[in-house]
Amino acid sequence: MLRRVISGVRWYVRELTDESAYDRYVAHVRKDHPEAEVPSRREFERMRTDRQERDPRQGFRCC
């Protein structure tokens, strides 16, 4: 029971903070584009930040 609660809280926090975005992206690339190279987490975060800065509708960034 305690393990399920901890697992649920961990999942919720990862989703809330968008920590799981990289995992979802990797799953998408491997499923839909198996020939494509999967970027590292650092490369993914750089692409994501660049996209957010180009299009302010992608998310709020104050600094």
Side-chain angles (χ1 to χ4, degrees):
M1 172 72 177
L2 181 60
R3 188 177 299 240
R4 282 183 49 199
V5 170
I6 291 171
S7 177
V9 169
R10 182 177 183 270
W11 174 86
Y12 181 76
V13 170
R14 283 177 47 83
E15 291 295 321
L16 185 65
T17 62
D18 214 17
E19 178 69 23
S20 59
Y22 178 71
D23 298 333
R24 286 192 307 270
Y25 180 75
V26 169
H28 160 74
V29 170
R30 288 186 177 153
K31 178 180 176 257
D32 296 339
H33 310 283
E35 71 286 347
E37 186 175 330
V38 176
S40 68
R41 179 177 281 278
R42 184 175 187 168
E43 292 167 333
F44 169 77
E45 292 297 342
R46 179 78 261 165
M47 290 186 315
R48 197 166 113 174
T49 301
D50 290 345
R51 185 177 61 241
Q52 287 174 340
E53 289 176 353
R54 279 193 310 273
D55 186 359
R57 294 173 297 167
Q58 290 289 325
F60 178 75
R61 184 172 168 104
C62 68
C63 333

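Because the structure is a prediction, the values reported are computed rather than measured.
- Residues meeting the side-chain hydrogen bond (donor to acceptor under 3.5 Å, both in side chains) test with R10, sequence neighbours left out: none.
- Applying the under-4.5 Å side-chain rule to Ile, Leu, Val, Met, Phe, Trp and Tyr, the cluster around W11 extends to Y12, L16.
- Between the side chain of S40 and the backbone N or O of E43 there is at least one donor-acceptor pair closer than 3.5 Å.
- With sequence neighbours left out, the salt bridge (charged side-chain N to carboxylate O under 4.0 Å, His left out) criterion links D50 to R46.
- Checked by atom type and distance alone, the side chain of T49 pairs as donor or acceptor with a backbone atom of E45 at under 3.5 Å.
- Under the side-chain hydrogen bond (donor to acceptor under 3.5 Å, both in side chains) criterion, D18 pairs with R24, R48, sequence neighbours left out.
- Summarising the hydrophobic clusters (Ile, Leu, Val, Met, Phe, Trp, Tyr; side-chain heavy atoms under 4.5 Å, direct or chained), the residues clustered with Y22 are Y25, V26, V29, V38, F44, M47.
- With sequence neighbours excluded, no residue satisfies salt bridge (charged side-chain N to carboxylate O under 4.0 Å, His left out) with R30.
- Qualifying side-chain hydrogen bond (donor to acceptor under 3.5 Å, both in side chains) partners for E19, counting only residues two or more places apart in sequence or in other chains: none.
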